[in-house]
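All figures in this text were calculated on a predicted structure; none of them were measured in a lab.
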Amino acid sequence: MTVDRGTRPTRRAVPSTRTPSDQLATAVSGSGDAGDTARPVPAATVARLAVYLRVLTTLLDEGRGVVSSEELAAAAGVNSAKLRKDLSHIGSSGVRGVGYDVSRLTAEVEATLGLTRPHAVALVGVGNLGHALAGYGGFAQRGFPVAALFDVDPALVGTVIDGVEVEHAAAIPRVCAERGVTIGVVATPAAGAQEVCDHLVAAGVRSILNFAPTVLAVPAGVEVRKVDLAVEMQVLSFHVARRHGSVPAAGPAAPDSPGTTATTPREAVTR
């Protein structure tokens, strides 16, 4: 997964239906007020906390009461020192020789990630990918119920997916405001993604998950997470090529030997 940070162009502010007090907090663990001295949680730690929570939830389902840092770290794919450092950011520490109370640690991680209340989700674009996302029950189970669906295709508007009616994208501002949507998901073609994003921001949505193959320009205070499946495939292609020894070494390329034909990276991977 890639994040739209630092590369997105500056954009004029989009009018919002929310008051300044509704602005996104500047730190995960703080309220963003001038007098707030809570230590912010690093972005990389936030991502790992979500992984820890997935493991902790499984442990709770299994009836586990305590877990050691070594066991939790191994299940999350990190080393125990990094896990302990991550958890120190949220003020959690285990008992030496015993470990962490699973129920308590789960509650602490959920509070840090803002999961103490459900987040209503609006999904725009219910084509093949959007339809699959809309019908995925795991979102609601984790506190992210899909509250609204939108599209512009007359054949899709009015249909019902998992109990939610698809409405025309023109209704985004009104419906999102009425249903208290806090997270928007953009699963449209690239050409329409920016307009959809603007509608979501105008409705007061400050967190957007972008599946469209384009960079979204947003005002300050709006967080965009980009999921580009093609980019992820290209990264995996690099690792496949490296395992097969077809990735060129760093530095200037060596000249081809007389009588040989250069091999392109694509040919090297597909041979």
Side-chain angles (χ1 to χ4, degrees), residues 1-4 7-9 11-18 22 24 50 54 114-115 117-219 221-236:
M1 179 179 292
T2 56
V3 184
D4 286 352
T7 60
R8 58 193 184 210
R11 186 176 179 81
R12 59 178 176 77
V14 178
S16 170
T17 58
R18 291 190 176 183
D22 292 326
L24 187 68
R54 182 184 64 199
L115 300 177
R117 64 178 180 84
H119 290 273
V121 175
L123 191 153
V124 188
V126 290
N128 293 333
L129 175 60
H131 194 285
L133 293 172
Y136 174 57
F139 292 140
Q141 294 173 4
R142 288 174 170 80
F144 302 96
V146 176
L149 298 171
F150 302 97
D151 208 290
V152 295
D153 186 345
L156 295 173
V157 174
T159 61
V160 177
I161 302 176
D162 202 25
V164 181
E165 182 178 353
V166 179
E167 303 190 53
H168 195 279
I172 289 175
R174 173 183 59 80
V175 174
C176 286
E178 290 176 353
R179 301 181 188 178
V181 169
T182 55
I183 297 176
V185 179
V186 179
T188 67
Q194 185 61 61
E195 183 178 3
V196 164
C197 176
D198 289 347
H199 285 319
L200 289 169
V201 173
V205 177
R206 292 294 178 267
S207 297
I208 297 174
L209 183 62
N210 178 30
F211 283 91
T214 186
V215 175
L216 298 177
V218 296
V222 176
E223 180 73 12
V224 177
R225 296 278 298 182
K226 181 171 176 57
V227 182
D228 193 321
L229 299 179
V231 168
E232 300 304 328
M233 291 292 187
Q234 289 164 352
V235 172
L236 290 174

**Q** Atom CG of Leu209 and atom CZ of Arg225: how far apart are they, to the nearest 0.5 Å?
**A** 8.5 Å
**Q** Any chance you could measure Leu200, atom CG, to Ser207, atom OG, to the nearest 0.5 Å?
**A** 11.0 Å
**Q** Among all residues two or more places apart in sequence or in another chain, which pass the side-chain contact (heavy atoms from CB on, under 4.5 Å) test with Leu229?
**A** Val227
**Q** Using side-chain heavy atoms (C-beta onward) and a distance below 4.5 Å, is Val157 in contact with Val152?
**A** no
**Q** Should Val121 and Val185 count as side-chain neighbours, where that means a heavy-atom distance under 4.5 Å?
**A** yes
**Q** Which pair of heavy atoms, one from Val186 and one from Ala193, lies closest together, and at what distance?
**A** CG1-CB, 4.0 Å
**Q** Write out all pairs satisfying salt bridge (Lys or Arg N to Asp or Glu O under 4.0 Å) with one or both partners inside residues 141-165, taking only residues at least two apart or from two chains.
**A** none
**Q** Do you know which two heavy atoms are closest between Ala120 and Gly180, and how far apart they sit?
**A** CB-O, 3.7 Å
**Q** side-chain contact (heavy atoms from CB on, under 4.5 Å) between Thr182 and Arg206: does it pass, once the steps are laid out?
**A** CA-CA 7 Å; Thr182 55; Arg206 292 294 178 267; over 6 Å; no
**Q** If you look only at distance, which donor and acceptor atoms sit under 3.5 Å apart when one is on a side chain in residues 126-139 and the other is two or more places apart or in another chain?
**A**
none

**Q** Say you draw a straight line from CD1 of Ile208 to CD of Glu223; how long is it, rounded to the nearest 0.5 Å?
**A** 10.0 Å
**Q** Give a yes or no answer on whether the side chain of Lys226 reaches the backbone of Ala212 with a donor-acceptor pair at less than 3.5 Å.
**A** yes
**Q** What residues form a ring-ring contact (aromatic ring centres under 6.0 Å, His included) with His119, not counting sequence neighbours?
**A** Phe144
**Q** List for me each residue that meets side-chain contact (heavy atoms from CB on, under 4.5 Å) alongside Ala190, sequence neighbours excluded, and say none if there are none.
**A** Pro213, Thr214
**Q** Around atom CZ of Arg54, are there more than 12 heavy atoms from other residues, nucleotides or ligands closer than 6.0 Å?
**A** no
**Q** Identify the heavy atoms of Phe150 and Val166 that sit nearest to each other, and give their distance.
**A** C-CG1, 4.0 Å
**Q** Examine distances only and state if a side-chain atom of Arg179 and a backbone atom of Ala147 form a donor-acceptor pair shorter than 3.5 Å.
**A** yes
**Q** Say you draw a straight line from OG1 of Thr188 to CD of Glu195; how long is it, rounded to the nearest 0.5 Å?
**A** 9.5 Å
**Q** Of all the heavy-atom pairs spanning Gly184 and Val205, show the shortest one and how long it is.
**A** N-CG1, 3.5 Å
**Q** Return the set of residues passing salt bridge (charged side-chain N to carboxylate O under 4.0 Å, His left out) with Arg174 (not counting sequence neighbours), or none when no residue passes.
**A** Glu167, Glu178
